Amino acid sequence: MFVTVGRWCARRPKRTVAAWLLLLVALAGALGAVGRVTSEAVSIPGSDSQAAADAAEAFHGPASGRQPLVLHTAADAPALTAPQLVRAVEEAARAIAGVDHVVAVTTPYQPAGRAALAADGHTAYVSVELDLSGRDITADITREIVAAAAPAEAAGIEVTPGGDLAAALGKGATRHSELIGLAAAFVILAVGFAGVVAAGVPLVVGVLGLGVSLAAIGLAGHLIDMPSSGTTIAAMIGLGVGIDYTLFCLTRFRTLRAEGVGVEDAAVRTMAGSGKAVAFAGCAVVTALAGLALGGLPLLYALALAPGIAVLTAVAAALTLVPALLVLLGRRLTPKPKPKPKPKPKPKPKPPAAASAATPAASASVDAVPAFAASAPEASASAAPAPLADAAPAALADVALADAARADAARASASVDAVPAFAVSAPEASASAAPAALADAAPAALADVALADAARAGAARASASVDAVSADAVSAFVGSAGAASAPEASASAAPAPLADAAPAFAVSAARADAASAGPRAHGWARVAERVAARPWRHLLAGLALVGVLAAPAAQLASGQLDAGTKAPGTAARTAYDRLADAFGPGVNGPLQVTYTLPAPAAGPTDPRIAGVTAALTRTSGVASVSPAQLSSDGVQVRWQVTPTTAPADPATAALVDRLRDTTLPEATGGTAATAHVGGAPAVQADLNERLAQRMPLIVGFVLAVAGLLLLLAFRSPVLAVKAAVMNLASVLAAYGVLTAVFQWGWGAALIGLEGPVAIPGYVPLLMFAVLFGLSMDYEVFLLTAVRESYLRSRDNRAAVIDGLGTTGRIITSAALIMVSVFLSYLLTDDPVVKMFGIGLATAVALDATVVRGILVPAAMILLGRATWWLPAWLDRLLPDVDIEGEGNGESGARPEGAAEGGCTGPYAAAPAPGSGSAPVSATPTPRRKS
């Protein structure tokens with residue numbers, strides 16, 4: 001499918017690009033026609049707050065509720081009760097009543113609004129009722145209402161909208177964040193690709209996909225209650241993954257072009273390989289988000305749907321738009337060939353005939369002979385008999401061959417091919433002077449041939465095999481090997497002076513090994529080698545760092561946010577502060593208590609109603625209780641209860657529990673009446689409680705699905721469990737940073753906050769799903785490279801080093817782009833968006849460096865071949881999934897040498913240590929006949 005889609009788009013690039021542009025224009029036009037709506041309303045089916053909301057529908061109030069328009073004068077200015085100010089306010093109220101969608105306006109001078117005037121007379125609020133729900137109130141409507149209040153402003157009164165009117169003004173104010181994120185991504189890509197055109201492709205795809213997804217989310221907002229933070233989070237994630245997915249595909253395309261593959265074929269093969277991996281990673285993110293549906297909350301549905309649409313759009317763009325752009329810009333995206341390095345001058349000392357036919361690395365090893373000769377010239381001349389002297393060249397050739405294999409597999413193969421020529425170079429000497437020694441040297445020559453085969457199969461595996469051959473060659477040269485095969489000859493032909501000279505030769509050979517090892521590894525390859533050399537040390541150090549970051553998460557607690565956490569100077573924050581200063585903090589979050597009577601009441605003086613009113617007034621933490629309001633049928637009763645504390649204060653949540661558990665049951669005991677507590681604080685308390693109950697189920701689902709996907713991809717239960725544990729480490733570290741910054745207030749001022757703020761319960765849950773999906777992206781790309789290397793060499797250690805060295809740079813670049821995008825959203829005023837920006841950036845940065853660069857390779861090296869263990873029965877059940885192999889993967893093939901009925905997979909194929917058998921290669925190398 002990926003090949004078919006990729007080829008179709010590659011052969012019709014202009015049509016594909018035009019189709020995406022047409023889709024963007026169509027969705028944007030539809031959104032412009034109907035408008036974007038968001039809603040902060042939260043419904044919790046089956047909760048007490050939802051029952052209160054349902055009972056309140058009997059009162060048939062305005063759709064919007066009463067929205068405050070806060071009036072304020074300075075302390076040294078006339079009070080709002082001054083005659084000229086009263087006239088100005090009443091004139092403004094009449095003008096507001098004429099605004100579209102406004103159905104009623106209540107001033108603090110009317111009997112129904114007397115409670116809206118503060119005791120000091122300098123603060124009051126006008127109640128505005130609209131025929132729109134809170135989600136449908138737009139910024140334009142708020143501006144018209146404020147403009148209509150011009151007579152009050154002209155009289156010196158400050159007019160500030162509050163409630164949903166203020167919330168409407170803060171919608172869609174994140175464009176500067178996207179621009180900053182795009183600018184940072186462009187710089188990173190331009191440096192990485194060393195070209196503007198290549199850097200522009202991921203940005204074009206990311207921006208186009210973002211536009212399509214945001215328009216689709218805006219239209220979806222007409223069908224469900226979509227919070228404003230959901231749209232921002234979707235933009236944050238969609239832009240990040242859109243750029244990253246294109247980056248992975250573009251890197252693969254440039255690699256193929258550098259190898260000489262044609263433009264169209266390179267684009268198609270990119271979709272067959274990297275495109276398939278992108279689709280797998282994107283589906284993993286969407287599947288993790290789908291787990292939020294188990295929460296049973298409409299809010300979670302919306303928060304999962306918005307980023308899900310953004311990720312699916314990014315995947316679709318990567319699979320269709322990217323191949324079209326690759327073909328259109330193919331030649332301009334092709335990397336320039338690197339200049340060939342100048343050949344190094346050969347060393348002056350001329351090597352023996354055999355070494356001269358080998359590579360320069362072999363020559364460097366043979367140059368160690370003079371050191372040995374100088375160490376015991378007389379002994380080597382007088383005490384070394386002819387047979388051993390004649391055997392020396394063969395041993396030296398072995399050492400030279402070992403050096404060459406360590407430097408490079410291909411050069412090692414060329415070096416080994418010269419061994420038969422050396423044997424022919426002095427046939428008379430080898431035939432007449434040392435028949436026994438030459439015969440004894442035959443196994444070493446056969447080992448050379450085997451070494452060449454191993455070198456062709458993989459440089460890392462060849463190096464491991466050469467170590468044994470090199471040791472045998474040294475021991476044969478000093479006489480120990482000869483003693484094994486011909487003890488009598490060894491005892492007579494290897495006198496003490498020659499044996500004493502062995503250490504000097506060993507030092508010379510070691511120096512030759514270091515000189516012939518070739519250029520040192522750089523970047524992530526060097527990191528991988530260091531981790532492989534000391535895996536326990538790096539594993540413990542990485543776990544310690546993650547543990548320090550995750551430690552604060554032990555005190556993570558869910559809380560509530562209110563307008564008091566908004567940025568100073570915003571309309572919402574100004575209205576909140578002025579109302580709190582004038583009427584008390586509880587006025588910004590009143591509770592609604594409903595009472596359903598079994599029989600209609602005659603009026604508010606009914607003893608049943610009066611008893612509940614008195615009980616509410618006596619409750620600790622209650623500042624005031626409004627007069628009881630009776631429904632038209634006399635069955636429903638409603639009170640507005642004002643707490644003494646702010647909506648986000650934990651004491652307010654405690655008041656909700658106290659009313660439900662003690663006050664109302666005692667006041668209604670012995671009757672069939674039912675009472676419920678609603679309002680914004682009660683809703684948030686119920687939301688946090690419901691999320692805490694459902695979180696284990698959601699976490700378990702995400703872990704199970706992620707593990708299953710990795711098991712299908714890499715056919716290793718050990719690998720799947722290891723990946724889940726590592727992903728959890730990233731998530732816990734993000735939770736710890738989230739707790740320290742927001743709940744404790746560490747560095748809060750640096751991100752535009754005045755101090756600690758509460759963390760809503762849905763933030764950790766949504767962050768868990770998103771982070772697990774994003775971590776799967778990097779896990780897939782890294783393990784794909786490691787597994788491909790392992791299938792070639794069957795050397796777990798070398799495969800881990802090769803996989804990290806191959807993918808480390810691209811994963812780091814992708815993570816750096818995503819971190820830049822996430823951090824750019826710290827400039828927004830919404831604390832929830834800041835939380836996601838800090839949490840996601842921390843987790844991605846840690847995941848791409850400490851987790852993927854240290855913990856994962858260290859764990860895989862310590863596990864060894866057990867990493868790839870797969871029971872035979874599970875191997876038969878799992879389907880063959882080729883994640884990034886262009887259709888020719890070997891995921892389902894039974895490895896050579898696997899035992900029937902036992903374990904299969906790469907683990908069973910590897911030989912036991914010390915068995916002497918060569919590791920099984922995915923592509924067997926033809927053996928040379930001896």
Side-chain angles (χ1 to χ4, degrees), residues 36-40 138-139 142 161 164-185 206-207 210-211 213-214 217-218 221 226-243 299 302-303 306-307 310 559-576 648 734 737-738 741-743 745 747-760 762-764 766-767 770-771 817-845:
R36 180 188 301 273
V37 296
T38 59
S39 174
E40 308 304 323
T138 64
T142 299
D164 291 333
L165 295 176
L169 292 176
K171 295 179 180 179
T174 63
R175 292 180 181 177
H176 54 287
S177 297
E178 282 92 353
L179 293 176
I180 293 174
L182 289 172
V207 171
L210 179 64
S213 60
L214 289 184
I217 293 170
M226 181 68 68
S228 58
S229 59
T231 303
T232 305
I233 295 168
M236 183 188 307
I237 297 172
L239 185 60
V241 300
I243 295 176
L299 173 65
L303 291 176
Q560 303 181 26
L561 291 177
D562 54 31
T565 60
K566 299 291 185 180
T570 60
R573 176 64 181 274
T574 301
Y576 177 94
V737 173
L738 201 69
V741 174
F742 293 93
Q743 192 169 307
L750 299 177
I751 59 174
L753 296 177
E754 294 180 298
V757 296
I759 301 174
Y762 65 85
V763 171
L766 178 59
M767 190 176 294
V770 172
L771 286 177
I817 292 172
M818 198 167 286
V819 169
S820 300
V821 172
F822 292 157
L823 291 181
S824 67
Y825 282 86
L826 293 179
L827 300 177
T828 62
D829 296 331
D830 192 343
V832 172
V833 176
K834 293 178 184 288
M835 292 176 190
F836 278 98
I838 286 286
L840 295 179
T842 299
V844 170

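No experiment lies behind these values; they were computed from the predicted model shown. Values below: every heavy atom of this structure, side chains too, minus hydrogens, waters and symmetry copies.
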Roughly how far, to the nearest 0.5 Å, is OG1 of Thr565 from NZ of Lys834? 10.5 Å
Would a 4.5 Å heavy-atom cut-off, applied to side chains only, mark Ile180 and Tyr825 as touching? no
Which pair of heavy atoms, one from Gly238 and one from Ala310, lies closest together, and at what distance? CA-CB, 3.7 Å
Please give me the minimum heavy-atom distance between Ile237 and Pro307, naming the atom from each residue. CD1-CB, 3.9 Å
Quick one: CG on Leu771 to CZ on Phe836, what's the gap to the nearest 0.5 Å? 9.0 Å
Compare every heavy atom of Ala734 with every heavy atom of Gly839, then report the nearest pair and how far apart it is. O-CB, 3.5 Å
With sequence neighbours excluded, what pairs up with Leu182 under the side chain to side chain contact (heavy atoms under 4.5 Å, CB included) test? Leu203, Val207, Leu239, Ile243
Name the one of Met818, Met767, Met835 that satisfies side-chain contact (heavy atoms from CB on, under 4.5 Å) with Leu840? Met767
Could you check whether any side-chain N or O of Thr842 sits under 3.5 Å from a backbone N or O of Ile838, counting only pairs where one atom can act as donor and the other as acceptor? yes
Specify the closest pair of heavy atoms between Leu214 and Ala235, including all atoms of both residues, with the distance to one decimal. CD2-CB, 4.0 Å
Identify every side-chain donor-acceptor pair in residues 567-576 under 3.5 Å, counting partners at least two apart or on other chains, and give the distances.
| residue | atom | partner | partner atom | Å |
| --- | --- | --- | --- | --- |
| Thr570 | OG1 | Ala567 | O | 2.7 |
| Thr570 | OG1 | Arg573 | N | 3.4 |
| Arg573 | NE | Asp577 | OD1 | 3.2 |
| Arg573 | NE | Asp577 | OD2 | 3.0 |
| Arg573 | NH1 | Gly564 | O | 3.3 |
| Arg573 | NH1 | Lys566 | O | 2.7 |
| Arg573 | NH1 | Glu754 | OE1 | 2.8 |
| Arg573 | NH2 | Glu754 | OE1 | 2.4 |
| Thr574 | OG1 | Thr570 | O | 2.9 |
| Tyr576 | OH | Asp562 | OD2 | 3.3 |

Evaluate side-chain contact (heavy atoms from CB on, under 4.5 Å) for Leu738 paired with Ile759, printing each intermediate quantity in order. CA-CA 8 Å; Leu738 201 69; Ile759 301 174; 4.1 Å; yes
Ignoring hydrogens, what is the shortest heavy-atom contact between Pro760 and Ala758? Give both atom names and the distance. CD-O, 3.5 Å
Do Val832 and Val763 come close enough that some side-chain heavy atom pair is under 4.5 Å? yes
Can you tell me if Ser229 uses its side chain to pair, donor with acceptor, with the backbone of Val833 under 3.5 Å? no
Working to the nearest 0.5 angstrom, can you tell me the gap between Asp164 CG and Leu169 CG? 11.5 Å
Shortest non-hydrogen contact between Val819 and Ala841, atoms and distance: CG2-O, 3.6 Å
Leu753 side chain reached by Phe742 side chain, heavy atoms, under 4.5 Å: yes
